[in-house]
Engineer: 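Attaching a single structure in structure tokens format; questions to follow.
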Protein chains: 2
Amino acid sequence: MQITLAVSTVIFALRPTSAGADPESGAPLPALWLPLVRRIRPPYEGQWALPGGPLGIDEDLEAAAARTLGATTALAPNYLEQLYAFGTLDRSPDGANDRVVSVVYWALVNSDEVVHSDRNTSTENVRWFSVDDLPDLAFDHDVIIEYALWRLRNKVEYSRIAHAFLGDTFTLAELREVHESVLGRTLDPANFRRQIESTNAIVPTGKRVTGTSYRPPKLYRYNNSAEPVDRGPLGRTDPAEPASPSRKPTA
Amino acid sequence: MQITLAVSTVIFALRPTSAGADPESGAPLPALWLPLVRRIRPPYEGQWALPGGPLGIDEDLEAAAARTLGATTALAPNYLEQLYAFGTLDRSPDGANDRVVSVVYWALVNSDEVVHSDRNTSTENVRWFSVDDLPDLAFDHDVIIEYALWRLRNKVEYSRIAHAFLGDTFTLAELREVHESVLGRTLDPANFRRQIESTNAIVPTGKRVTGTSYRPPKLYRYNNSAEPVDRGPLGRTDPAEPASPSRKPTA
DNA sequence: TTAATAGTGTCTCTGAGACAGTATATA
DNA sequence: TATATACTGTCTCAGAGACACTATTAA
């Protein structure tokens, strides 16, 4: 018997709630969705699981996570961070003859680019689910998703990652809506503006949205040069970059 | 070729600065120390490295970290938490024919119980170093220790883990000294008291220190029943417990 | 009484949030 | 002009820190 090392990824996107049509009804916030993969072999055959697979012998952990993400969504992650390494002995059902340690990453992707249709990019075995309405999951993947959600909500509050759900440019209202969706509560526009501006997280592009029936809002973009609040073990500037970590980042 | 999965542990303890004798000279704060192990085979033969080793086939990750800690210090950890999984391709020197992914834990041990003498508990190949005066380290262990230090300092500020350096009972002054040592600055006793009391982290034992030449301070102990500020992926109450994680902790 | 540390009271400053008010586009 | 949203000003409140002050023991 042998210990297998796998890498899985929790991939988050935002999706408008009433997928029908009119955004005119009482402001329903977008909800968090994530793609799952149907297992085609035991254990847990037929059940849904996080996308992932064994680590390649010549592959960085983060690269494996990004590869999995691409295979599942045909996208590149806007944000990618290691979540945790899961390795307890009870992860597989009793009697299973394997020992798997999973290094799990979590990622944010641009919601506009996500193909949400059931006839998906890759196969019929990938489907997107609302985090509020998940199916029965294989292994301990329910616990993993719960923890990833906790980290996401935590980090949105003190860090500057919400823009990863959006495109290159966005309005403050759009960014605020992302925060509201993730945190599950409405935020005061005035205070939100001040808070974001104080972190230098975004810079105005000088352009404005056109075609509105009201005062056109400014467009902003993410400020790549500002220091991130958090840091990984290697102090990378942007966790989305799959750059190989330098051994001595600053000190 | 095969991917090897190893578990290493960064073990922190506090040690009085002027190991001489008199605690009478201007208040030198204790400093952080950690044990390293001298490598007895290539690569990096003869250099110092974090204690650790391969994961046992029937061993939880956390159990492996605790086992390593016991083998190195003959102690049980008062606090133990996963730090990060390190797995980049450049971790071993060029030309080395191995691929190691290390799941690294960090731990706090009771400083009073640590045997600091060079003739150590286990072998001559274990030695304690001040984190301000580390030798050349094998692999990427310098980066790992740097990150563990960052996490420790971060977590001491917002969580309630400092007591793990102390015994069962302690005075507020002792607890404050731990904070001061870790953070590297002095703290206002009055404000520190209020801050700690507001978190319900500690409860008075009703006893006092005896034999002082001044007003005897109250003795406190850690409040196990209070909710921890942080939570692991499984919401355990006390990370020191090597309990196997339950699949659905609260929700 | 003096010395030394334990422990309390209170002022100030800063940042978060509530919320009123002003600005600017289209219809 | 009405209206809808962008954006600004300002008040209040709570927590962090500075620091003066009181309490209690032994020498």
Side-chain angles (χ1 to χ4, degrees), chain A residues 22-29 153-154 156-160 162 166 169-180 182-221 229, chain B residues 22-29 153-154 156-160 162 166 169-180 182-221 229:
Chain A
D22 58 343
E24 208 69 47
S25 46
L29 284 174
R153 289 177 174 136
N154 233 24
V156 160
E157 284 194 309
Y158 71 82
S159 189
R160 300 145 49 260
L166 302 171
T169 63
F170 46 84
T171 67
L172 268 173
E174 287 169 339
L175 187 63
R176 177 165 50 85
E177 190 178 49
V178 171
H179 278 82
E180 290 176 336
V182 172
L183 299 179
R185 65 168 191 273
T186 58
L187 299 171
D188 184 284
N191 297 332
F192 180 78
R193 170 185 302 272
R194 261 188 296 266
Q195 186 195 316
I196 294 292
E197 281 174 346
S198 72
T199 66
N200 287 102
I202 59 174
V203 287
T205 61
K207 295 180 180 165
R208 287 172 183 273
V209 175
T210 59
T212 62
S213 75
Y214 47 82
R215 174 174 174 177
K218 285 184 191 166
L219 280 170
Y220 294 82
R221 62 176 174 75
V229 177
Chain B
D22 58 343
E24 207 68 48
S25 45
L29 283 173
R153 289 175 175 139
N154 233 25
V156 159
E157 284 194 309
Y158 71 83
S159 189
R160 302 145 49 258
L166 301 171
T169 62
F170 44 85
T171 67
L172 269 172
E174 284 168 342
L175 188 62
R176 177 166 49 86
E177 189 178 50
V178 171
H179 277 82
E180 289 177 335
V182 171
L183 299 179
R185 66 167 191 274
T186 58
L187 299 171
D188 184 285
N191 297 332
F192 179 79
R193 169 185 302 269
R194 262 187 295 266
Q195 186 196 317
I196 294 292
E197 280 175 347
S198 72
T199 67
N200 287 102
I202 58 175
V203 287
T205 61
K207 296 179 179 166
R208 288 172 181 273
V209 174
T210 57
T212 62
S213 75
Y214 46 83
R215 174 174 174 178
K218 286 184 192 167
L219 279 171
Y220 294 83
R221 63 175 173 74
V229 177

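Below, read A as the first sequence line, B as the second, and so on, with proteins coming before strands; counting in each chain starts at 1. All heavy atoms count here, side chains included; hydrogens, waters and symmetry mates do not. All of these numbers come straight from a predicted model, not from anything done at the bench.
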Engineer: Mind checking if A:Ala190 touches a base, just sugar-phosphate, or nothing, with heavy atoms under 4.0 Å?
Structural biologist: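 Since a base atom lies under 4.0 Å of A:Ala190, the category is base.
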
Engineer: Measure distances between side-chain N and O atoms of B:Arg194 and base N and O atoms of D:dG15, and say whether any donor-acceptor pair falls under 3.5 Å.
Structural biologist: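 By the distance-only test, no, there is no pair.
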
Engineer: Rounded off to whole Å, could you give me the OH-to-P distance for the A:Tyr214 and D:dA6 pair?
Structural biologist: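 Whole-Å distance recorded here is 5 Å.
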
Engineer: Minimum heavy-atom separation for B:Val209 to B:Pro216, with atom names?
Structural biologist: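 For B:Val209 versus B:Pro216, the nearest heavy atoms are O-CB, 3.0 Å.
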
Engineer: Both B:Asp188 and B:Ser213 contact DNA chain C. Which one's nearest nucleotide lies toward the 5' end?
Structural biologist: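 Final value for this comparison: B:Ser213.
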
Engineer: For A:Tyr158 and C:dA16, what is the distance between atoms OH and P respectively, to the nearest whole Å?
Structural biologist: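 It is 16 Å, rounded to the nearest whole Å.
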
Engineer: Using the side-chain heavy atoms of B:Gln195, tell me which of these nucleotides is nearest: D:dA6, D:dG17, C:dG7.
Structural biologist: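 For the B:Gln195 side chain, the nearest candidate turns out to be D:dG17.
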
Engineer: From the list C:dA6, C:dA25, D:dC19, which nucleotide is the closest neighbour of the side chain of A:Pro216?
Structural biologist: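 The listed nucleotide nearest to A:Pro216's side chain is C:dA25.
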
Engineer: Do B:His179 and B:Val156 come within less than 4.5 Å of each other through their side chains, counting heavy atoms only?
Structural biologist: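 The answer is yes; the side chains approach within 4.5 Å.
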
Engineer: If you apply the rule side chain to side chain contact (heavy atoms under 4.5 Å, CB included), what do you find for B:Leu187 with B:Gln195, and how did you get there?
Structural biologist: CA-CA 11 Å; B:Leu187 299 171; B:Gln195 186 196 317; over 6 Å; no

Engineer: Please check: side-chain N/O of A:Arg153 versus main-chain N/O of A:Val182, any donor-acceptor pairing under 3.5 Å?
Structural biologist: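 Yes: the side chain of A:Arg153 pairs with the backbone of A:Val182.
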
Engineer: I need the CD-C1' distance between B:Glu197 and C:dG7, as an integer number of Å.
Structural biologist: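 Going from B:Glu197 (CD) to C:dG7 (C1'), I get 9 Å.
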
Engineer: Once you round it to whole Å, what is the distance between C1' of C:dG15 and CD of A:Glu157?
Structural biologist: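 Rounded to whole Å, this separation is 15 Å.
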
Engineer: For the side chain of A:Arg208, starting at C-beta, report the closest nucleotide among D:dC7, D:dA18, D:dA26.
Structural biologist: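 The nucleotide sitting nearest to the side chain is D:dC7.
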
Engineer: Give the rounded distance in Å between these two atoms: CZ of B:Arg176 and P of D:dG17.
Structural biologist: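 So the two atoms are 14 Å apart, to the nearest Å.
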
Engineer: Measure from the side chain of B:Lys218, starting at C-beta and using heavy atoms only, and say which of C:dG7, D:dA18, D:dT8 lies closest.
Structural biologist: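 Looking only at heavy atoms from C-beta outward on B:Lys218, the closest nucleotide is C:dG7.
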
Engineer: Considering only heavy atoms and no angle criterion, is a donor-acceptor pair shorter than 3.5 Å present between the side chain of A:Asn191 and the base of C:dA18?
Structural biologist: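 Indeed, a donor on one side and an acceptor on the other fall under 3.5 Å apart.
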
Engineer: Could you check which of C:dA18, D:dC7, D:dA23 has an atom nearest any side-chain atom of B:Arg215?
Structural biologist: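 It is D:dA23.
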
Engineer: What is the distance, to the nearest angstrom, from the NZ atom on A:Lys207 to the C1' atom on D:dA6?
Structural biologist: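 Between C1' of D:dA6 and NZ of A:Lys207: 20 Å.
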
Engineer: Whole-Å distance between C:dG17 C1' and A:Leu187 CG?
Structural biologist: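 So the two atoms are 11 Å apart, to the nearest Å.
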
Engineer: Please check if the side chain of B:Thr205 supplies one atom and the backbone of B:Leu219 the other of a donor-acceptor pair under 3.5 Å.
Structural biologist: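 At least one qualifying donor-acceptor pair exists.
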
Engineer: Given atom CZ of A:Arg193 and atom C1' of C:dA23, what is their separation to the nearest angstrom?
Structural biologist: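 Rounded to whole Å, this separation is 12 Å.
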
